Amino acid sequence: MEYNFQQIEQSAKAFWAAQQAYKVKNDSTRPKYYVLDMFPYPSGAGLHVGHPLGYIASDIFARYKVMKGFNVLHPMGFDAFGLPAEQYALETGQHPAVTTEKNIKRYKEQLDNIGFNYDWNREVRTSDPQYYRWTQWIFLQLFQSWFNRESRKAEPLSTLTARLEQEGNKGCPAPGDETLRFTAEEWKAMSEPEQRSVLMQYRLAYLDHAEVWWCEALGTVLANDEVVNGVSERGGHPVERKKMRQWFLRITEYADRLIDSLDNLEWSEAMKEMQRNWIGRSEGASVHFAVENHKGSIEVFTTRPDTIFGVDFMVLAPEHALVDLITTDVQKEAVVQYVGYVKSRSERERMAEKKISGCFTGAYALHPFSGKQIPVWISEYVLAGYGTGAIMAVPSGDDRDHAFARHFGIEITNIFGAQYTGESAVSDKNVTIEQSGFVSGKSVKEAASLVLEALETKGIGARKINYRLRDAGFSRQRYWGEPFPIVYKNNIPYAVNEAGANLPEALQQLPVTLPYIENYKPGPEGEGPLANIAEWVMVQNNDGDLLKRETNTMPGYAGSSWYFLRYMDPGNADAFADPKATDYWKQVDLYIGGTEHAVGHLLYSRMWTKALHDLGYLSFDEPFKRLVNQGMIGGSSRLVYRISGTNQFVSAGLKDAYQTDEIHVDVNIVDGVELDVAQFKQWREEYYNAEFILEEGKYICGAQLEKMSKRYHNVVNPDDIVRQYGADTFRMYEMFLGPIEMSKPWDTKGIEGVHRFLKKFWRLFYDEQQGWIVTDEAPADAELKALHKTIKKIESDTERFSFNTAVSQFMICLNELTDLNCHKRAILDPLVRLLTPYAPHVAETLWKQLGHDGSVIHAAYPEWEEKYTVDNSKVYPVAVNGKPRVELEFALDAEQAFIEKEVLSNEVIQKWLEGKEPKKFIYVKGRMINVVV
RNA sequence: GCGGGUGUGGUGAAAUUGGUAGACACGCUAGACUUAGGAUCUAGUGCCGCGAGGCUUGGGGGUUCGAGUCCCUCCACCCGCACCA
């Protein structure tokens with residue numbers, strides 16, 4: 001009987017299904033363990049072999065934990081809202097709900113094919129009204145909350161209004177407008193609309209204005225992704241930045257907590273560093289510069305107040321509100337032209353731009369201490385969204401400012417004396433400040449605090465902490481997303497269930513369901529498609545007023561910010577999850593996904609978790625305790641070489657003799673690098689009559705590493721691999737490719753090694769002629785040693801996610817047992833259990849053949865015994881002057897004196913010593929021996 | 001531009017604490033068995049050299065008895081950068 005993986009895998013799957021083997025309960029005497037994968041967006045292209053890498057790792061780990069005695073939650077679901085489905089709808093007229101459903105079905109088939117242990121009873125889809133009902137509910141929690149900077153916590157708005165009635169906002173400035181000041185009396189005197197507009201400056205979910213990519217020709221707002229080289233990807237139309245009213249989440253209030261609690265997470269330092277950099281906390285000062293002949297002032301943020309006497313010019317972001325007000329008539333035309341240029345540029349282009357550009361406004365700021373005139377410029381390198389959108393430029397102390405001053409011939413004030421050479425800015429902070437009035441001769445630190453004091457005394461500056469992090473834009477002018485549970489009365493937003501809106505009972509309920517539409521065209525003025533459905537948009541309240549619904553939808557990260565909570569209690573109709581369930585499962589113990597989510601999804605879900613915790617809905621305030629990032633699997637493309645202007649193809653080794661065109665060929669019709677010529681002729685009509693120049697009878701393709709993508713014809717579908725080699729082989733091969741967190745190319749050819757391993761493993765149990773050959777003989781020492789060393793290694797490799805070395809160890813063990821001709825039950829029984837997390841199907845089948853009743857996936861994980869894993873002697877490499885010359889075996893407990901005598905009398909060592917006396921003898925027990933001459 | 005990561009045979013890689021570089025596989029070479037081989041088994045396989053031996057972990061420099069591993073410096077490639085998810 002040979003290794004028939006199709007039959008083995010089918011019957012194992014049927015057995016598990018009949019047993020409901022993956023069903024997970026929320027109560028158990030076992031300790032809990034929560035393993036989670038970043039859930040996929042179900043795209044129309046289906047899964048390729050790169051996607052399951054992390055899923056296989058988490059599946060192995062989840063299965064391992066089950067066998068180790070844990071109650072393991074390992075769910076899967078779908079991030080089902082998104083732009084591609086809507087784009088597809090625009091092109092084909094197929095409703096996103098229909099295509100999404102279809103894609104999910106395909107994904108589930110593909111996932112099940114690989115044999116994951118998901119409890120599909122717990123599946124969630126973000127586009128399901130019973131799911132997004134709670135996404136909307138959480139949004140309303142944020143809308144009805146503010147962040148109390150004293151308690152450092154989100155609190156219901158009621159605690160804020162109570163305070164405002166008592167003492168105004170003296171102790172709690174509005175994060176949305178720090179200049180806003182009012183007394184209790186003033187607050188009480190405000191009308192309801194006035195009060196609501198003040199509260200808007202506090203809410204954690206709030207309305208403000210922000211720029212989006214607007215494409216006049218398409219009449220729509222575009223995502224960054226859809227803008228390529230400054231024009232729309234579809235049609236190549238011009239685009240520009242347009243200001244629109246949008247929802248935001250006040251994540252900046254959580255900046256410090258998001259930084260602080262990173263310390264308690266088991267994430268890679270690199271990932272934590274990326275989050276810290278993204279949040280970008282910097283301490284410095286805010287300084288107001290008066291503008292000559294003008295009432296307003298320019299506020300800048302600087303981390304180097306000590307350099308204030310080196311300010312030679314100011315730079316405003318071109319979209320800064322003051323630009324229009326201060327520009328002189330003479331400069332007007334140039335400024336308008338420059339602003340126009342910047343409008344067409346993305347932030348990234350602006351930051352990456354090496355070419356220096358800018359425009360003088362004609363206005364001058366006045367130095368707060370010296371009264372010197374400082375020219376005010378605008379330039380694209382200053383971004384409106386960062387800091388105050390304005391900087392004081394110190395060319396002698398900052399590289400960018402230095403280059404700018406040089407480029408425009410602005411005179412540079414040297415405040416670093418001899419340390420500044422005129423060639424480049426002085427960025428060293430261990431210097432003395434000179435030429436700087438009252439801080440001349442001081443260190444950077446001293447000067448900074450003296451300047452701050454002076455600014456504070458004058459009332460034109462203060463210490464300030466600035467963050468690079470911006471509040472999260474939460475509106476999308478799209479159809480296929482969560483509708484907002486918001487209505488506008490006289491242009492003032494209300495939650496649908498707020499008394500002030502006074503909606504009929506039925507309209508107050510969540511979810512606010514996404515209406516069915518047939519036309520996905522954008523609404524007027526860049527509004528989303530929902531704006532076109534008048535009967536949905538307009539609602540009448542109990543007073544007979546006509547209210548207008550919010551017509552934007554929520555962004556992709558809305559649903560994904562809390563999905564890990566819904567898996568704990570997926571069917572709950574009364575809450576996003578029962579507190580009993582969240583208290584039981586708590587944080588995700590292990591989260592696996594790509595680094596591409598480093599600063600988006602991972603920051604937002606951390607913020608949502610903290611907010612829900614603050615408001616009393618969760619007992620923990622971090623969602624993901626341990627995070628593992630899997631690398632990407634790249635595609636290995638295959639190229640054929642067509643002799644230019646002909647239909648003749650030349651093999652890679654001979655191509656240099658011709659002028660050729662490189663053509664990507666479908667990797668599925670290439671074996672390694674050898675092209676299947678017959679299949680190639682069938683591949684496309686135009687190649688039916690192709691001719692070939694072969695080398696040694698073969699057509700050899702070129703190879704190239706690039707992204708796995710349809711475009712390069714290098715996509716490999718896991719279904720094909722599973723059909724050809726089986727799921728167990730596929731799982732083990734993905735792990736065998738290399739470390740989980742590393743990116744690597746896919747090469748189907750290499751899978752043979754793992755497949756051979758499984759076939760050979762099977763032959764420990766079955767012989768082609770004799771059938772079942774497992775015996776009950778007592779195991780020999782060598783066999784026990786092979787087994788126990790392997791158990792030890794596999795367990796520690798699995799614990800530290802070194803799955804590639806674990807697969808190697810299985811191979812090493814198998815090679816040893818084959819050499820020992822071992823077919824003993826006492827060895828093979830634990831070995832089958834050990835293999836279960838990696839190759840569950842074959843393990844299940846052999847487990848049954850070994851005579852066990854239950855499923856191997858619930859069997860106990862094998863344990864190793866120390867006594868079988870230790871050696872008592874070691875073959876030492878013996879080096880002379882660090883170069884290994886000979887190998888000598890010694891007992892591990894040998895004395896140094898004995899070893900020294902033996903080594904020095906060895907003839908090979910004698911030869912290398914050339915009669916000289918050894919200077920030093922180094923003996924590292926269990927490692928090596930080195931003689932220094 | 002900013003931030004993060006990675007460089008080891010023809011290929012994927014291993015070396016967990018500074019201690020025999022290349023385990024385990026793919027591929028390749030030769031052979032055995034076979035009606036057949038895209039099955040299985042055996043042997044070999046980093047580079048140079050007939051050999052003794054020498055060289056070798058992206059380049060250069062350093063620390064050390066000893067460096068893939070630690071330090072400095074340079075280079076190349078990959079990923080992210082706020083409306084793809």
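Just so we're clear, the structure is a prediction, and the values are computed from it rather than from any experiment. All chains are named by letter (A, B, ...) in the order of the sequence lines, taking the proteins before the strands, and each is independently numbered beginning at 1.
Along RNA chain B, the nucleotide nearest R400(A) and the nucleotide nearest W213(A) are compared for position; the residue whose nucleotide lies closer to the 5' end is R400(A).
Residues satisfying the salt bridge (charged side-chain N to carboxylate O under 4.0 Å, His left out) test with K749(A), not counting sequence neighbours, are D671(A). Applying the side chain to side chain donor-acceptor pair (under 3.5 Å) rule to W562(A) yields the partners Y131(A), T135(A); only residues at least two apart in sequence or on another chain are considered. Taking the salt bridge (charged side-chain N to carboxylate O under 4.0 Å, His left out) definition, one finds that R478(A) meets it with E226(A), sequence neighbours left out. Residues forming a side chain to side chain contact (heavy atoms under 4.5 Å, CB included) with T869(A) (at least two apart in sequence, or on another chain): H788(A), K789(A), K792(A), W864(A), E866(A). Not counting sequence neighbours, the partners of R606(A) by the salt bridge (charged side-chain N to carboxylate O under 4.0 Å, His left out) test are E622(A). For E752(A), the side chain to side chain contact (heavy atoms under 4.5 Å, CB included) partners are Y725(A), R756(A), not counting sequence neighbours. Checked against side chain to side chain contact (heavy atoms under 4.5 Å, CB included), N4(A) has the following partners two or more places apart in sequence or in another chain: Q6(A), Q7(A).
M632(A) comes within 4.0 angstrom of sugar-phosphate atoms only, judged by non-hydrogen atoms across all strands, and of no base. Using a 4.0 Å heavy-atom distance criterion, Q809(A) is classed as making no nucleic acid contact.
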- Task: Taking Watson-Crick and G-U wobble pairs with both distances under 3.5 Å, convert RNA chain B into its dot-bracket string, 5' to 3', dots for unpaired and | for cross-strand pairs.
- Result: (((((((..(((......[....)))((((((.......))))))(((....)))..(((((..]....))))))))))))....
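In 5' to 3' order, the nucleotides of RNA chain B bounding all contacts with chain A (an atom under 4.0 Å from a heavy atom) are G1(B) to A85(B).
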